[in-house]
2 protein chains.
Amino acid sequence: MATIKDVALAAKVSVATVSRVLNETGYVHEDTRARVLKAMEELNYHPNEVARSLYKRESRLIGLLLPDITNPFFPQLARGVEDEIHRLGFRLIFGNSDENLEKELDYMQTFKQNHVVGVISATNYPDAPNYQDLSMPIVFLDRTGENAPAVFADSREGGRIAAAEMIKRNAKRITLIKGPAHLQTARDRFNGALDVLSGADIDFHVMKTETFSFPEAQKRAAELFGTYPETDGVIASNDIVATAVLHEALKRKIKVPDELQIIGFDDIPQSELLFPSLSTIRQPAYEMGKEAAKLLLRLMKNEYIEQSAVQMPVAFIERQTTRKAE
Amino acid sequence: MATIKDVALAAKVSVATVSRVLNETGYVHEDTRARVLKAMEELNYHPNEVARSLYKRESRLIGLLLPDITNPFFPQLARGVEDEIHRLGFRLIFGNSDENLEKELDYMQTFKQNHVVGVISATNYPDAPNYQDLSMPIVFLDRTGENAPAVFADSREGGRIAAAEMIKRNAKRITLIKGPAHLQTARDRFNGALDVLSGADIDFHVMKTETFSFPEAQKRAAELFGTYPETDGVIASNDIVATAVLHEALKRKIKVPDELQIIGFDDIPQSELLFPSLSTIRQPAYEMGKEAAKLLLRLMKNEYIEQSAVQMPVAFIERQTTRKAE
DNA sequence: TTGAAAGCGTTACCAC
DNA sequence: GTGGTAACGCTTTCAA
């Protein structure tokens, strides 16, 4: 790879001048600039980002930390982030944390050591020391820290909507599934649904799942129909769990949505591909990724930010696991 | 962040000595080493990777280029790669190419400018100039270049297996769906199935799809049942397309697998979640990612490599869209 | 066994 | 307008 020195030599100027045209900083004569540009072209010169980063103590890299890219909710977040930062010339150092604090620390270390200009993290431990006294801005995605910049969906409202839609559709014996207790978003969904259910004149039943894994969800779904066969409406903690419930219901030849209605949460891409396709509460994952990137970019520019906790709207997506509202 | 100089000062030695204990290179007295280690500890010193990278002209970063992380096949590849390189201390610069040559070039540029030590790319253009005369090793993943290092599944064999299983299960009027022509793997699947079908005494019908997108697949599936309603076995070009066919079949109240059998390709995670769950040809995506990483690591060490094109086995996964073999 | 100093490719300051 | 050069934080000769 050609260096700035090669360009200087070819253009018969000093490296300082080359640097000036490169960064469009300071004066340089039109003719000189042209010569330099030509030399760059000919030598196919591209500045060494590492050297730049060393001197300026910041790179063109952004750190992205997600629990597990293999979980279908996260790729969309990632994609949203990337699309937003890409045109500004930023690139991603990416890692999966498995919700493991050590791994997160490890990646935060990597980020610092590589001079990233900012980080976006979907961590369950936003208040851990990992994330204190950083020299670069950070925004939490799909998570919230104590008045730290964050982008997340209005989960509680999502829970409320799910319950309201279920009631509106005339379910009488509702099962509310509670997700993993360590996830704030899961708790919010649950509490939102509870807000509505407890105020309604309706029978309901709470069941919990420890994880969002399909195999566990399958087991719990089987139990559900064993212990509470008369349920006619399930508000699931997310789409994976909802899928397991749907699966089990179909296996038992329960008619969906006539005998049993199901509402999921997230609207992961495959929810639409199920048969019957899954009614759910949509989180705008891609947009959330974009929004997080935008927020980070503003933070990087040190802009004054009135409200750095941005809450994204959720919406009921009506598909085929719910009946028409009456 | 503390620098090597701070450590040297605190330990009352020169930076050269600190560097020696850091890299375990050259002699250094036990007592000195202890002092240095202690100073590092106290200052919470972590070497600046950027400075290292500048001098050594190589980083601890690996470039990963995938078409679209939002497509459920790719996260598994990514995860396999990451898990393999993580414990060796390597990290990922990640980008989505959208199968766009410009974007790929763009990312390759980024990779070089950041001194990555190697790249793993799932490109459709392995022979493009983008990938020639690189100063670092590259391995193609899920793709092949002309005798370039690569890791990919045995798609042709996969096609053969799909066709054989379909015949074994007594399908009589088979529909073979041909995937996007620009994808080598799609062509291979198709040709493999054709190998078997054309040698068998059986009716079959070929239909093509231009993309692997669900909406297009839905349209084509609808057409299929319109123009060839008597088909009783569909060999789809991948699981997304198979899902669309299943969807359409269920909508038309065609009994699966009694009246219609379906075999997909890939075994993406959601294939198991469908109802009925999808029989498919599995590509070991996670393992492919791992294998690609391993190969890259060996290439980086300049090991002699007998066979740098590693073909991974595929297998028939029997689920509920096929009948029991007779 | 240790330290001084050059060099990695840039940028930015200060002269001219 | 332009060039010389110190500095960014590290590794690696070379000498002592």
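Letters go in sequence order (proteins before strands), and every chain restarts at 1.
- A:T110 places a side-chain N or O within 3.5 Å of a backbone atom of A:D106 that can act as its donor or acceptor partner.
- The distance between atom CG of A:L9 and atom C1' of C:dG9, rounded to the nearest whole Å, is 15 Å.
- Whole-Å rounding puts the B:I4 CD1 to D:dT11 C1' distance at 8 Å.
- In this structure, the nucleotide among C:dT10, D:dC10, D:dG1 sitting nearest to the side chain of A:H29 is D:dG1.
- Separation of the A:F212 and A:F73 ring centroids does not fall under the 6.0 Å cut-off.
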So B:Y125 and B:H182, ring pair (Phe, Tyr, Trp, His ring centres under 6.0 Å) or not? Walk me through it. CA-CA 10 Å; B:Y125 321 99; B:H182 68 280; 8.3 Å; no
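- The side chain of A:T3 places no N or O atom within less than 4.0 Å of a non-bridging phosphate oxygen (OP1 or OP2) of C:dG9.
- Atom-to-atom, NZ of B:K5 to P of D:dT11 comes out at 15 Å; the value is rounded to the nearest Å.
- Checking side-chain atoms of B:E58 against main-chain N and O of B:V116 turns up no donor-acceptor pair under 3.5 Å.
- Residue pairs meeting the salt bridge (charged side-chain N to carboxylate O under 4.0 Å, His left out) criterion with at least one partner in residues 7-33 of chain A, sequence neighbours excluded, do not occur; the list is empty.
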N/O-N/O pairs, protein side and nucleotides 14-16 of chain C side, under 3.5 Å:
none

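- No donor-acceptor pair under 3.5 Å is formed between the side chain of A:R143 and the backbone N or O of A:P126.
- Taking atom NZ of A:K112 as the reference point, atom C1' of D:dG9 lies 17 Å away to the nearest angstrom.
- Interface residues of residues 49-59 of chain A facing DNA chain D, ordered by number: A:L54, A:Y55, A:R57; criterion, heavy-atom separation under 4.0 Å.
- Screening B:D142, B:D154, B:V151 for a side chain to side chain contact (heavy atoms under 4.5 Å, CB included) with B:M312, the sole residue that qualifies is B:V151.
- One atom, CE of B:M40, and another, P of D:dG9, lie 16 Å apart when rounded to the nearest Å.
- Position along DNA chain C of the nearest nucleotide to A:A2 versus B:Y27 favours B:Y27 as the more 5'-ward residue.
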Apply ring pair (Phe, Tyr, Trp, His ring centres under 6.0 Å) to residues A:F140 and A:F152 and explain how you reach the verdict. CA-CA 8 Å; A:F140 296 111; A:F152 50 90; over 10 Å; no
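- A sub-4.0 Å separation between OP1 or OP2 of C:dT11 and a side-chain N or O of A:N23 is present.
- Among the nucleotides C:dG9, D:dG1, D:dG9, the one closest to any side-chain atom of A:T32 is D:dG1.
- Of the two residues near DNA chain D, A:G26 and A:V15, the one whose nearest nucleotide lies more 5' is A:G26.
- Protein atom CG of B:L22 is 10 Å distant from nucleotide atom C1' of D:dT11, rounded to whole Å.
- Side-chain nitrogen and oxygen atoms of B:T17 include at least one within less than 4.0 Å of the OP1 or OP2 phosphate oxygen of C:dG3.
- Without hydrogens or angle criteria, A:E104 side chain to A:E99 main chain gives no donor-acceptor distance under 3.5 Å.
- A:Y45 places its OH atom 7 Å from the C1' atom of C:dG9, with the value rounded to the nearest Å.
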side-chain hydrogen bond (donor to acceptor under 3.5 Å, both in side chains) between A:S121 and A:Y131, worked out: CA-CA 10 Å; A:S121 170; A:Y131 298 107; 3.2 Å; yes
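- Whole-Å rounding puts the A:L43 CG to C:dG9 P distance at 14 Å.
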